[in-house]
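Worksheet: the structure to be examined is printed underneath.
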Number of protein chains: 2
Amino acid sequence: MHSEMDDIDRKICGLLQANARASSAELAETVGLSVSSANERVRRLVSQGVVVGWQARLDPDVVGAGLCALVFIDMDYEGEPEACAALVARPEVMELHHVSGAHSYLMKIRVRDSRALQAFLQEVLKPLPAVRRTETLLSLEALKETTAMPIAGLDSGGDDA
Amino acid sequence: MHSEMDDIDRKICGLLQANARASSAELAETVGLSVSSANERVRRLVSQGVVVGWQARLDPDVVGAGLCALVFIDMDYEGEPEACAALVARPEVMELHHVSGAHSYLMKIRVRDSRALQAFLQEVLKPLPAVRRTETLLSLEALKETTAMPIAGLDSGGDDA
DNA sequence: ATTGAAAGAACCCCGAC
DNA sequence: GTCGGGGTTCTTTCAAT
């Protein structure tokens with residue numbers, strides 16, 4: 001791609017992770033630039049693919065997604081890509097990781113309640129041909145759940161080289 | 001607390017999960033309301049706590065958080081709240097779930113590389129008095145990773161760009 | 001890259017239905 | 001709750017440094 005990120009870029013990223021609706025004026029004030037420059041920085045970060053999207057975060061209970069479950073999935077090699085594609089397409093599936101260790105995949109899903117969980121496992125997951133075995137853990141409480149990345153070289157965000 | 005969400009609220013939530021920077025004009029167009037009404041809906045959803053935040057999503061690799069790991073943690077009852085608080089405060093910790101099953105907690109962290117992972121486990125996680133045992137899985141590939149909730153009563157529940 | 005200023009777009013308060 | 005209008009704030013563009 002191109003040029004490296006500097007400290008100002010990192011600060012802006014950190015601010016936008018905490019508040020995606022921060023105005024250019026706010027950003028400019030915090031990082032010590034003019035409004036135009038701050039705006040230009042954001043535009044660059046988006047066009048360079050550093051910022052890949054903007055999400056509103058919702059209260060899970062209010063929208064009927066209060067139950068969170070972690071599901072280990074063992075898959076056969078045959079039909080694995082199709083099964084993954086089918087799962088990724090489902091709105092209940094919030095994460096799908098190909099993991100090292102005893103199981104093939106770890107999936108995080110959110111549904112309304114245990115009935116909906118049961119329905120998902122029986123009607124969506126198990127019918128997939130590649131799915132051999134599953135093991136479900138309930139998230140009894142999500143103490144933290146964010147997509148905000150630690151930003152290398154930012155004090156409030158992670159470690160340095 | 002108060003009134004229930006209607007279909008329009010759900011649609012707006014879905015749209016804002018996919019694009020938190022959608023203008024009131026866009027929202028109004030999609031749900032079939034005036035700009036004023038759409039704006040008022042968003043204001044209400046925020047003040048009622050349905051929308052709890054706005055996040056920019058960043059490319060993990062670009063910001064130096066390319067390595068994702070899932071860590072099972074067994075904890076003693078003594079000192080458990082302090083350990084959880086310490087972990088939640090760390091920017092590398094993206095999720096911390098109290099889970100059912102053989103282990104106490106499942107934590108998702110993001111760091112730069114395996115060296116940083118090793119450092120985190122040795123210098124942050126293990127020194128916590130309550131932490132008895134840990135088991136780390138590497139996410140070899142995150143096929144999906146979102147905070148967009150499925151919205152009950154909305155057909156195209158939220159997946160993002 | 002950064003800046004100030006001007007043009008354009010968006011948001012927000014308000015009174016009416 | 002919804003709507004349109006008018007004032008205000010924000011974003012975007014532009015010429016210049």
Side-chain angles (χ1 to χ4, degrees), chain A residues 1-59 62-64 148 151-155 157, chain B residues 1-59 62-64 148 151-155 158 160-161:
Chain A
M1 317 273 200
H2 24 11
S3 50
E4 278 304 299
M5 288 180 61
D6 61 10
D7 284 339
I8 295 182
D9 286 327
R10 282 186 277 271
K11 274 185 192 166
I12 291 177
C13 283
L15 293 167
L16 289 177
Q17 279 195 142
N19 177 18
R21 290 214 155 178
S23 69
S24 297
E26 278 180 77
L27 299 176
E29 166 73 20
T30 308
V31 303
L33 281 183
S34 69
V35 176
S36 310
S37 297
N39 207 331
E40 169 67 10
R41 293 279 188 148
V42 174
R43 202 194 53 73
R44 255 190 44 231
L45 290 169
V46 172
S47 75
Q48 291 186 355
V50 180
V51 174
V52 297
W54 311 92
Q55 281 194 346
R57 288 197 315 119
L58 307 182
D59 183 323
V62 176
V63 297
I151 300 175
L154 192 64
D155 43 347
Chain B
M1 313 309 171
H2 19 6
S3 49
E4 277 304 300
M5 288 179 62
D6 61 12
D7 285 337
I8 294 181
D9 286 327
R10 281 185 278 272
K11 274 186 193 167
I12 291 177
C13 284
L15 292 166
L16 289 177
Q17 279 195 140
N19 177 18
R21 290 213 154 177
S23 69
S24 297
E26 276 180 78
L27 299 176
E29 167 73 19
T30 308
V31 303
L33 282 182
S34 70
V35 176
S36 311
S37 297
N39 207 331
E40 167 68 11
R41 293 280 188 144
V42 174
R43 204 193 53 73
R44 255 189 45 230
L45 289 169
V46 172
S47 75
Q48 291 185 358
V50 181
V51 173
V52 297
W54 311 92
Q55 281 193 346
R57 289 198 312 121
L58 306 182
D59 183 323
V62 176
V63 297
I151 300 176
L154 191 63
D155 40 352
D160 62 306

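Throughout, a chain's letter reflects where its sequence line sits, starting with A, and its residues are numbered from 1.
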Which whole-number value in Å describes the distance from [X] [atom1] to [N] [atom2]?
{"X": "N39(A)", "N": "dA1(C)", "atom1": "CG", "atom2": "P", "answer": "16 Å"}
{"X": "R44(B)", "N": "dT2(D)", "atom1": "CZ", "atom2": "C1'", "answer": "12 Å"}
{"X": "E29(A)", "N": "dT11(D)", "atom1": "CD", "atom2": "C1'", "answer": "18 Å"}
{"X": "L45(B)", "N": "dC11(C)", "atom1": "CG", "atom2": "P", "answer": "15 Å"}
{"X": "E4(A)", "N": "dA1(C)", "atom1": "CD", "atom2": "P", "answer": "13 Å"}
{"X": "E26(B)", "N": "dT11(D)", "atom1": "CD", "atom2": "P", "answer": "15 Å"}
{"X": "E40(B)", "N": "dC11(C)", "atom1": "CD", "atom2": "P", "answer": "14 Å"}
{"X": "R41(A)", "N": "dA1(C)", "atom1": "CZ", "atom2": "C1'", "answer": "7 Å"}

Task: Close side-chain approach of L58(B) to V51(A), heavy-atom, < 4.5 Å - done: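 Side chain of L58(B) against side chain of V51(A), heavy atoms only: contact under 4.5 Å found.
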
TODO: Determine the contact category for S24(B): base if any of its heavy atoms lies under 4.0 Å from a base atom, sugar-phosphate if only primed atoms, P, OP1 or OP2 are that close, otherwise nothing.
DONE: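 Sugar-phosphate only.
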
Open item on the list: Over all strands shown, is R43(B) touching base, sugar-phosphate only, or nothing at heavy-atom distances under 4.0 angstrom?
Closed with: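 Nothing, no heavy atom under 4.0 Å.
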
TODO: Just compare dT2(D), dT11(D), dC11(C) and give me whichever is closest to any side-chain atom of S23(B).
DONE: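 Looking only at side-chain atoms, S23(B) lies closest to dC11(C).
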
- [ ] Classify the side chain of S36(B) and the base of dG4(D) as holding, or not holding, a donor-acceptor pair under 3.5 Å.
- [x]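 A donor-acceptor contact between them is present.
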
TODO: Report the residues that fulfil salt bridge (Lys or Arg N to Asp or Glu O under 4.0 Å) with E29(B), sequence neighbours left out, ordered by chain and then residue number.
DONE: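 E29(B): no salt bridge (Lys or Arg N to Asp or Glu O under 4.0 Å) contacts found.
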
Task: Pairwise 5' ranking along DNA chain C for S37(A) and R21(A), keeping only the more 5' one - done: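 Closer to the 5' end of DNA chain C: S37(A).
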
- [ ] Give a yes or no on whether the backbone of V63(B) and the side-chain of R10(A) come within a donor-acceptor separation of less than 3.5 Å.
- [x]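 Not confirmed, R10(A) side chain does not pair with V63(B) backbone.
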
Open item on the list: Donor-acceptor check, side chain of R21(B) to backbone of A20(A), threshold 3.5 angstrom: yes or no?
Closed with: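 Yes, because the side chain of R21(B) sits within donor-acceptor range (under 3.5 Å) of the backbone of A20(A).
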
